[in-house]
Number of protein chains: 2
Amino acid sequence: MTGKIIPDIVVSRLPVYLQTLQRFAKEGETTTSSKELGERSCITAAQVRKDLSFFGEFGKQGSGYNIVFLSDQIRSILKINRGWDVALVGVGDLGHAIARYPGFAERGFRIVFVFDNDPTKIGTKIGKHTILPTEIMVETIKNAGITVALITVPSRAAQAVADQLVQAGIKAILNYAQASLNVPDHIRVETVSPILQLQHMMYYL
Amino acid sequence: MTGKIIPDIVVSRLPVYLQTLQRFAKEGETTTSSKELGERSCITAAQVRKDLSFFGEFGKQGSGYNIVFLSDQIRSILKINRGWDVALVGVGDLGHAIARYPGFAERGFRIVFVFDNDPTKIGTKIGKHTILPTEIMVETIKNAGITVALITVPSRAAQAVADQLVQAGIKAILNYAQASLNVPDHIRVETVSPILQLQHMMYYL
DNA sequence: TTCTGTGAACCGCTTCACAGCG
DNA sequence: CGCTGTGAAGCGGTTCACAGAA
């Protein structure tokens, strides 16, 4: 089972299942079925079973899946059964909002450094973080061994920041800038694109 | 050509093409090819040609696509060759950041109303908008004939807000809350899910 | 020649359907 | 009987390859 290549689209559904499972857990459920999990995740039951079977046999025939057990398995597969230290680059309005948002830390993504290049911001505090100058970014990230970063700088600066992050040893970038980033093949980038999502929806109006 | 059902995945790539075309335009180009447009959009040339051919014959054999013309065609297909009035619900940190972000207006999505239910916020100004109480939301949106809304309220409140928005005649919702919304079939919802995107990437680290 | 538009081949994800176990 | 796990079938999107226009 391990070593087999899993379709990326399957991996991308695991966080969705996890989210639904957490909702079930909050509702006091202890067990679910592929049918129920699928319905609440907008995915067919067969798809759910096939997806999960890529990674193991997590269910019990006749009774379904144990919610806590399956959640733990998915967290383990996604490597989010541990915490991840994250760097945040760019403290405009959006960076500010993200730095103060507790949702990332609740899922194990701890923002440990916040960088900006604006001299009037450097040294000031945002929550419990002191804003650090980008000059020391590469070295700081390298020394801390951080591999995940969020980019919330203006589009025109995003590529330069990405280049620095790659140099600093970052392996995964969540990009909030309205720009597509050029990075080496072994670096993962996901872009948050609310504008593209809006434009997409307009087609159907 | 019109009336034919276009795969949603094709529609979802149009905004990507448009974004790339705009970059080309800014770089002073006037013409491009499926090869060039594809490379900069991380999509194969054949895919680009096939996608565009769903909607018409926009290129010239031998020379490629006129950038301005193709941009206009895509904007027209997506119905973003006009402006859209948008309502924003929820003025926490994120809503605040979005209300002040000029990127939406630059692409024709004008935020015309901002709602919140916090009495200490209602009546205060954010940019040029006065924050309005949610009590008058349904009526205000209905009267203005607005069909697009952004939800930036806490997860627990998102479904209730969505229900109201549907009642108000909203047809497309961009949901920033960490929650999946239940809405009638004819309403489009897209969710911005940075946390799911991060979790997805962790698999590959 | 260059590059588009497109039928056909291909490939991979989704769905089906059922064996098998509790 | 209920529900999983899974080979096989089905389907839809992607890629190929080439006719044809500039």
Side-chain angles (χ1 to χ4, degrees), chain A residues 1-18 20-21 24 29-74 77 200 203, chain B residues 1-18 20-21 24 29-74 77 200 203:
Chain A
M1 210 52 82
T2 317
K4 198 201 264 172
I5 290 160
I6 316 281
D8 182 64
I9 195 161
V10 172
V11 177
S12 75
R13 278 190 295 261
L14 296 182
V16 179
Y17 298 143
L18 186 58
T20 303
L21 287 168
F24 285 152
E29 305 289 329
T30 60
T31 290
T32 187
S33 64
S34 60
K35 180 166 183 289
E36 188 183 38
L37 177 54
E39 270 169 13
R40 294 283 288 266
S41 309
C42 298
I43 292 166
T44 65
Q47 186 78 79
V48 172
R49 292 200 301 277
K50 179 133 287 200
D51 284 351
L52 296 177
S53 74
F54 273 103
F55 302 97
E57 310 201 348
F58 301 137
K60 281 196 173 42
Q61 289 163 330
S63 64
Y65 301 91
N66 177 284
I67 287 172
V68 171
F69 175 74
L70 183 56
S71 298
D72 285 346
Q73 290 299 316
I74 292 178
I77 293 163
H200 176 192
Y203 176 79
Chain B
M1 208 54 78
T2 316
K4 196 202 266 173
I5 290 160
I6 315 280
D8 182 62
I9 194 159
V10 172
V11 178
S12 73
R13 278 190 293 261
L14 297 182
V16 179
Y17 298 143
L18 185 58
T20 304
L21 288 168
F24 285 152
E29 306 287 330
T30 61
T31 290
T32 187
S33 64
S34 60
K35 180 167 182 287
E36 188 182 40
L37 178 53
E39 271 170 12
R40 293 282 288 265
S41 309
C42 299
I43 291 165
T44 66
Q47 185 78 80
V48 171
R49 292 200 302 277
K50 180 134 283 199
D51 283 351
L52 296 177
S53 73
F54 273 101
F55 302 97
E57 310 199 349
F58 301 138
K60 281 195 170 46
Q61 287 163 330
S63 65
Y65 301 91
N66 177 284
I67 288 172
V68 170
F69 175 75
L70 183 56
S71 298
D72 285 346
Q73 290 299 316
I74 292 177
I77 294 162
H200 176 191
Y203 176 78

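Every chain is numbered from 1, with letters handed out A, B, ... down the list of sequences. Quantities reported herein were computed from a predicted structural model and do not represent experimental measurements.
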Among D:dA17, D:dT15, C:dT15, find the nucleotide with the atom closest to the side chain of B:Arg49.
-> D:dA17
Check the distance between C:dT14's P and A:Ile6's CD1 and give it to me in whole angstrom.
-> 13 Å
In whole angstrom, give the distance that lies between atom CG of B:Asp8 and atom P of D:dT14.
-> 11 Å
Under 4.0 Å: is that the gap between some side-chain N or O of B:Gln61 and OP1 or OP2 of C:dG5?
-> no
Upstream residue (5' side of DNA chain C) when B:Ala46 and A:Asp51 are each assigned their closest nucleotide | B:Ala46
Just how far, in rounded Å, is C1' of D:dC3 from CD of A:Glu57?
-> 13 Å
Whole-Å distance, A:Lys35 NZ to C:dT15 P, equals 16 Å
Between the base of D:dG7 and the side chain of A:Lys50, is there any donor-acceptor pair under 3.5 Å?
-> yes
How many Å lie between CZ on A:Phe55 and P on D:dT6, as a whole number?
-> 13 Å
Rounded interatomic separation in angstrom, taking CD1 from A:Ile43 and C1' from C:dT14 | 12 Å
A:Ile5 CD1 to C:dG12 C1': how many Å, rounded?
-> 13 Å
Rounded to the nearest 0.5 Å, how far does CD of A:Glu36 lie from CD1 of A:Ile67?
-> 7.0 Å
Criterion side chain to side chain donor-acceptor pair (under 3.5 Å) on B:Arg40 and B:Thr20, from CA distance to verdict = CA-CA 7 Å; B:Arg40 293 282 288 265; B:Thr20 304; over 6 Å; no
Tell me what B:Leu52 touches on the nucleic acid: a base, only sugar-phosphate, or nothing, going by heavy atoms under 4.0 Å.
-> nothing
Return no unless some side-chain N or O of B:Tyr65 is found under 4.0 Å from OP1 or OP2 of C:dG5.
-> yes
Could you give the distance from CG (A:Leu18) to OG (A:Ser41), rounded to the nearest 0.5 Å?
-> 10.0 Å
Give the rounded distance in Å between these two atoms: CD of A:Gln47 and C1' of D:dT4.
-> 15 Å
Within the structure, does a side-chain N or O atom of B:Ser63 lie under 4.0 Å from either OP1 or OP2 of C:dT2?
-> no
Side chain of B:Pro7 - closest among D:dG13, C:dG5, C:dC3 = D:dG13
Side chain proximity check, B:Ser12 to B:Ile9, heavy atoms < 4.5 angstrom | yes
Does A:Ser34 make a side-chain N or O approach to OP1 or OP2 of D:dC3 shorter than 4.0 Å?
-> no
How many angstroms lie between CG in B:Leu52 and OH in B:Tyr17, if you round to the nearest 0.5 Å?
-> 6.0 Å
Answer yes or no: does a side-chain N or O of B:Ser33 lie under 4.0 Å from OP1 or OP2 of C:dC3?
-> no
